[in-house]
Amino acid sequence: MDNIKKAAEMIVNSTKTFALTGAGISTESGIPDFRSDTGYYSKMDPMEALSRDVLINDPKRFYSEGFVILRDLYDKKPNKGHLALAKLEEMNLLSGIITQNIDNLHVKAGNKTVYEVHGESRNVHCMDCGTQYDFSVMKQKVEAGEIPPKCDRCGGILRPNVVMFGDMMPEDFVIAQSELRDTELMIIVGSSLTVSPVNFLPNLVDKMIIINQSSTPFDRKADVVFHEGAGEVLGKILDEINRLL
Ligand code: NAD
Ligand code: ZN
């Protein structure tokens, strides 16, 4: 049986399925990942640029380097891969998505259950009083030269709702883990599966489909592996499911 057919049948027959996605599902939307040859690591060290340490101790650098990564996500659009996952949820074949991405594209694609375990870039908050603002408020302040951007209510420093290197994991990560307790199948899309602690989540499920251009440490454990583009493979799997149903 070919792999598309096998993956489609696994999804149709699964009792509960979650997707785990990473930067690779969004490269087709024009957002570089971290570790490919054209990724952010080829230009800067995002582990530093997007770190809590730099945000607190060197805000000028944070708002000139790390912030650029976040600002570039602002107007990006979901691609065929995101849309296929939204369709699977609408068809009740996918219980939700656990994503490492901070680009909001699963939400924009229409998915309802999205655990953003590295946070999101729709909103920002004041580090002192916690007031939330739309990302556009921070963008305007930074573009007007207000670095670091300050809270209108208390004057505290604003920061993105993104989980930065050095931050604690958010509640979404805890909920995601408990969702996986009775999940049978995980569809992993566009993740190198090298970032901890997310890379231990595949250990919590029995069955696995991996769609990732390069190999991952879990390839040997997976039932089906595609080393191809996410949009095309997810599109073909969706077509095959529509034929089966
Ligand atoms: P990663 O950069 O470590 O790995 C991405 C993987 O995707 C690579 O193995 C690559 O081979 C694969 N890939 C690239 N394009 C692909 C495509 N079209 N189809 C299929 N596979 C493709 O990414 P990661 O595992 O998500 O970890 C990086 C961290 O960086 C995460 O914590 C994430 O928060 C953050 N990040 C997020 C974004 C985003 O929000 N879009 C972008 C860059 C980095
Ligand atoms: Zn405040």
Side-chain angles (χ1 to χ4, degrees), residues 20-47 49-51 66 68-74 76-82 84 97-108 114-122 124-133 137-138 148-165 167 169-170 172-173 187-199 201-202 209-219 225-235:
L20 173 65
T21 66
I25 195 172
S26 296
T27 54
E28 293 166 41
S29 292
I31 302 170
D33 62 11
F34 274 179
R35 291 173 184 78
S36 294
D37 292 345
T38 51
Y40 280 111
Y41 272 112
S42 62
K43 297 186 215 101
M44 60 166 92
D45 183 352
M47 291 254 290
L50 283 175
S51 72
V68 171
I69 299 180
L70 307 180
R71 194 199 55 201
D72 287 352
L73 304 175
Y74 193 64
K76 295 292 190 282
K77 304 217 164 26
N79 65 52
K80 210 169 157 184
H82 299 102
I97 298 177
I98 301 166
T99 188
Q100 302 173 81
N101 295 342
I102 50 174
D103 56 25
N104 315 317
L105 293 185
H106 290 304
V107 173
K108 284 188 186 169
V114 184
Y115 298 113
E116 297 171 310
V117 298
H118 289 166
E120 44 84 10
S121 56
R122 293 179 292 281
V124 307
H125 68 272
C126 169
M127 290 199 274
D128 287 348
C129 74
T131 301
Q132 299 268 339
Y133 297 86
V137 173
M138 170 182 275
K150 301 264 176 62
C151 174
D152 292 334
R153 274 177 73 179
C154 78
I157 294 180
L158 298 181
R159 62 158 283 179
N161 286 2
V162 165
V163 176
M164 280 180 286
F165 297 99
D167 280 333
M169 291 298 276
D172 266 21
F173 184 67
I187 310 171
I188 296 166
V189 191
S191 175
S192 61
L193 297 175
T194 53
V195 178
S196 172
V198 171
N199 65 348
L201 296 179
I209 297 168
I210 296 182
I211 307 168
N212 197 63
Q213 233 140 34
S214 53
S215 53
T216 80
F218 282 90
D219 284 6
V225 179
F226 299 91
H227 287 156
E228 294 166 64
E232 195 180 332
V233 173
L234 282 168

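Here the structure is a predicted model, which means the values were calculated and not measured. These numbers come from the heavy atoms of this one structure, side chains and all, not from hydrogens, waters or symmetry mates. Read the numbers this way: they start at 1 and go in the same order the structure lists the ligands and their atoms.
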In terms of side-chain heavy atoms, does Glu116 have a donor or acceptor partner in Asn161 at a distance below 3.5 Å? no
The SG(Cys129)-the Zn ion (ligand 2)-SG(Cys154) angle, to 10°, is 110°
So for Gln213 against ligand 1, with non-hydrogen atoms under 4.0 Å, the contacting part is both
Checking heavy-atom distances from atom 32 (O) of ligand 1 to each of His118, Gln100, Lys76, the winner is His118
**Asked** Can you tell me if Ser191 uses its side chain to pair, donor with acceptor, with the backbone of Leu193 under 3.5 Å?
**Response** yes
If you scan protein heavy atoms around atom 26 (O) of ligand 1, the nearest is Ala23 N, 2.8 Å
Taking only non-hydrogen atoms of Ser26 and a 4.0 Å limit, the atoms of ligand 1 in range are 41 (N)
One finds that the ligand 1 atoms under 4.0 Å from a non-hydrogen atom of Gly190 are 5 (C), 6 (C), 7 (O), 21 (N)
Query raised in the report: Is a side-chain donor or acceptor of Tyr133 paired with a backbone partner of Asp152 at a separation under 3.5 angstrom?
Result: yes
The closest protein heavy-atom partner of atom 6 (C) of ligand 1 is Asn212 OD1, 3.4 Å
When distances are taken from atom 13 (N) of ligand 1, the protein heavy atom at minimum range is Gly24 CA, 3.5 Å
One finds that the ligand 1 atoms under 4.0 Å from a non-hydrogen atom of Glu228 are 19 (N), 20 (C)
If we number the atoms of ligand 1 from 1 as shown, the ones under 4.0 Å from a heavy atom of Gly229 are 19 (N)
Looking at ligand 1, is there an atom of it that comes within less than 4.0 Å of some heavy atom belonging to Pro32? yes
For Cys126, is there any backbone N or O sitting under 3.5 Å from a side-chain donor or acceptor partner on Thr131? no
One finds that the ligand 1 atoms under 4.0 Å from a non-hydrogen atom of Glu28 are 17 (C), 18 (N), 19 (N)
SG (Cys126) to the Zn ion (ligand 2) to SG (Cys151), nearest 10°, is 110°
Considering distance alone, does some N or O of Ile31 sit under 3.5 Å from an N or O of ligand 1? no
Atom 29 (C) of ligand 1 has as its nearest protein heavy atom Phe34 CD1, 3.6 Å
Nearest heavy-atom contact between Arg159 and Val162 is NH2-O, 2.5 Å
Residue, atom and distance of the protein heavy atom nearest atom 41 (N) of ligand 1 read Asp103 OD2, 2.7 Å
Worksheet item: Salt bridge between Glu28 and Lys76, side-chain N to carboxylate O under 4.0 Å?
Response: no
closest protein heavy atom to atom 25 (O) of ligand 1 is Ser191 OG, 2.8 Å
On a heavy-atom basis, the closest approach of Cys129 and Cys151 is SG-SG, 3.8 Å
Going by the 4.0 angstrom heavy-atom rule, the piece of Val195 near ligand 1 is side chain
A student checking ligand 1 against Gly22 at a 4.0 Å heavy-atom cut-off should list atoms 26 (O)
Counting heavy atoms under 4.0 Å, the part of Thr27 that contacts ligand 1 is side chain
Paired with Thr99, the side-chain hydrogen bond (donor to acceptor under 3.5 Å, both in side chains) test is passed by just one of Asn104, Thr21, Asp172, namely Thr21
of all protein heavy atoms, closest to atom 19 (N) of ligand 1 is Ala230 N, 2.8 Å
*Mark yes or no for whether Asn212, through its side chain, and Val189, through its backbone, hold a donor-acceptor pair below 3.5 Å.*
no
OH of Tyr115 to CG of Leu20, rounded to nearest 0.5 Å, is 13.5 Å
For Ile188 and Pro202 the tightest heavy-atom approach is CD1-CG, 4.0 Å
**OP:** Any chance you could lay out the side chain to side chain contact (heavy atoms under 4.5 Å, CB included) test for His118 and Val198, step after step, and finish with the verdict?
**Re:** CA-CA 9 Å; His118 289 166; Val198 171; 3.8 Å; yes
among protein heavy atoms, the one nearest atom 4 (O) of ligand 1 is Ser192 N, 3.3 Å
Asp33 side-chain N/O to Thr27 backbone N/O, donor-acceptor pair under 3.5 Å
no
